[in-house]
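Structure first, commentary second.
Chain identifiers are assigned alphabetically (A, B, ...) following the order of the sequence lines, protein sequences preceding nucleic acid strands; residue numbering begins at 1 within each chain. Worth knowing before you read on, the calculation uses all heavy atoms, side chains too, and leaves out hydrogens, waters and symmetry mates.
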2 protein chains.
Amino acid sequence: MKETAQLLREKGLKVTPQRIAVYNMLLHTHEHPNAETIYRTLEVTNPTMSLATVYKTLDYFKHLGLVQELNVGEASSRYDATVQCHPHTVCTSCGKVTDLYCDALTNLHEKFADQLDFDVTCEQLIFYGTCSECRSKINEDLPD
Amino acid sequence: MKETAQLLREKGLKVTPQRIAVYNMLLHTHEHPNAETIYRTLEVTNPTMSLATVYKTLDYFKHLGLVQELNVGEASSRYDATVQCHPHTVCTSCGKVTDLYCDALTNLHEKFADQLDFDVTCEQLIFYGTCSECRSKINEDLPD
DNA sequence: CTCCTAACTAATAATTATTGTTATTTAATA
DNA sequence: TATTAAATAACAATAATTATTAGTTAGGAG
């Protein structure tokens, strides 16, 4: 936990329990939680935590490049402590968002920069569909 | 305009002036407007038009595959009458969303389907950055 | 062509995610 | 330890979207 405090300080942020809690939660999950989920998870151990602070903290973190905001078409944004752009899969059945680490699908803009007439700062590739678990479930429910 | 009425009928929808107006507007623009913009544009010529109807109409259209909902990280969704998945650029300076027709950046999932363990139904590739017009403006404002 | 009815629309209320406000508290430094 | 600028919690406000409902209309039956 020392590292988080150090990191926040380096970014010019005051170190508060709330900020440490939000950042550490994002570091240790792969669920890409939204603000509501972060708040619900943290209020159990951090009674002194409000949803507005979660929003504000995420906003600071985003602008300082500590987290990435992810928009997969849901009403609310999801957050990821991995700030490097990388593709995601989104299961339209269970809602699960998964990181995809695949060099061939990453930094696509670099390969096409000359054809674009557009300065790309960030790219987002999302595959929508059905994850393997949901596919199995659907097959169980529909025996032939 | 006859074709739109025909298309709606084929999809099992009643043909109403509101629905024709919304669909035709989306057909004839490349601006990827959101519900609010569609409403504002149409109320000029269609005084009998309400924002709630625009939302409901877009929802019907989306589920019937007549339009595509596009989420570029803004508060509201944008809509596109081109339902085939294709990449977009989003200028973070002026907000303009532009279609990108480039075979090498389209249907990426088909090329990687075997590596995924995920049934992809649709993919979305978005390049965020600065469009050429905004780049020129920035250069004007900052002479060296 | 007129009538009928289910489907549609407009108006408006309600909801949900997010942001603003403010009084109080706290982290960091002298 | 005292100071103070910044952060927080509580709550109000806003914006986008959805739900409700009473009145209207499209389109088929007669």
Side-chain angles (χ1 to χ4, degrees), chain A residues 1-2 4-23 25 32-64 66-67 69-79 95, chain B residues 1-2 4-23 25 32-64 66-67 69-79 95:
Chain A
M1 309 304 171
K2 264 285 159 50
T4 299
Q6 180 62 23
L7 183 62
L8 297 182
R9 215 169 276 125
E10 279 169 14
K11 291 286 183 178
L13 291 174
K14 269 197 183 173
V15 178
T16 69
Q18 292 86 345
R19 290 177 176 173
I20 291 179
V22 170
Y23 189 71
M25 166 164 181
H32 307 83
N34 59 22
E36 180 78 26
T37 304
I38 294 170
Y39 171 64
R40 289 263 170 82
T41 306
L42 293 181
E43 70 174 336
V44 178
T45 51
N46 276 49
T48 167
M49 174 69 74
S50 88
L51 183 56
T53 298
V54 172
Y55 274 109
K56 193 166 288 190
T57 298
L58 290 170
D59 197 50
Y60 278 121
F61 285 1
K62 183 175 66 176
H63 286 104
L64 292 169
L66 287 173
V67 304
E69 189 176 7
L70 191 62
N71 212 299
V72 301
E74 293 167 332
S76 47
S77 298
R78 288 165 172 264
Y79 293 86
Chain B
M1 312 303 170
K2 262 286 159 48
T4 299
Q6 180 62 22
L7 184 62
L8 298 181
R9 216 170 275 124
E10 280 169 13
K11 292 286 184 177
L13 291 174
K14 270 196 181 173
V15 178
T16 69
Q18 292 86 345
R19 290 176 176 177
I20 291 179
V22 170
Y23 190 71
M25 164 163 183
H32 309 81
N34 60 20
E36 181 79 24
T37 303
I38 294 170
Y39 171 65
R40 289 262 171 82
T41 306
L42 293 181
E43 71 173 337
V44 177
T45 51
N46 277 49
T48 168
M49 174 69 73
S50 88
L51 183 55
T53 298
V54 173
Y55 274 109
K56 191 166 288 189
T57 299
L58 290 170
D59 196 51
Y60 278 122
F61 286 1
K62 183 175 64 174
H63 286 105
L64 292 168
L66 288 173
V67 304
E69 190 177 6
L70 191 61
N71 212 298
V72 301
E74 294 167 330
S76 48
S77 298
R78 288 165 171 265
Y79 293 87

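- Between R78(A) and the choices T37(A), N71(A), L70(A), the side-chain contact (heavy atoms from CB on, under 4.5 Å) rule is met once, by L70(A).
- Summarising the geometry, the separation between OH on Y60(A) and C1' on dA7(D) is reported as 8 Å, rounded to the nearest angstrom.
- At dT25(D), none of the side-chain N or O atoms of Q18(B) fall inside 4.0 Å of OP1 or OP2 (strictly under the cut-off).
- Nucleotides of DNA chain C with any atom under 4.0 Å from a heavy atom of chain B span, from 5' to 3', dA6(C) to dT12(C).
- Contact annotation for P17(A): backbone-only contact, meaning every heavy-atom pair under 4.0 Å involves sugar-phosphate atoms and none involves a base.
- Straight-line distance from the CD1 atom of I20(A) to the P atom of dA7(D): 14 Å, rounded to whole Å.
- Using modelled atom types, one finds no donor on one side chain facing an acceptor on the other under 3.5 Å when comparing Q18(B) with T53(B).
- Of all heavy-atom pairs spanning A35(B) and L51(B), the tightest one is O-CD1, 3.9 Å.
- Counting to the nearest Å, the C1' atom of dA10(D) and the OH atom of Y55(A) are 16 Å from each other.
- Mapping L13(B) and S76(B) onto DNA chain D via the closest heavy atom, the residue that lands nearer the 5' end is S76(B).
- The CZ atom of R9(B) sits 8 Å away from the P atom of dG28(D) (whole-angstrom rounding).
- Summarising the geometry of S76(A) relative to N34(A), their closest heavy-atom pair is OG-ND2, 3.1 Å, with the distance given to 0.1 Å.
- Distance E43(A) CD to dA10(D) P: 11 Å, rounded to the nearest Å.
- Taking every heavy atom of both residues into account, Y23(A) and L66(A) meet most closely at CE1-O, 3.6 Å.
- Of the two residues near DNA chain D, T48(A) and D59(B), the one whose nearest nucleotide lies more 5' is T48(A).
- Among the atoms of the strands shown, only primed sugar atoms or phosphate atoms (P, OP1, OP2) are found under 4.0 Å from some heavy atom of A75(B).
- Minimum interatomic distance between F61(B) and R19(B) (heavy atoms only, all atoms of both residues): CZ-O, 3.6 Å.
- Between K56(A) atom NZ and dT8(D) atom C1' the separation is 8 Å, expressed in whole Å.
- A 4.5 Å side-chain heavy-atom check between Y79(A) and H32(A) finds every atom pair outside the cut-off.
- Using a 4.0 Å heavy-atom distance criterion, Y39(A) is classed as making no nucleic acid contact.
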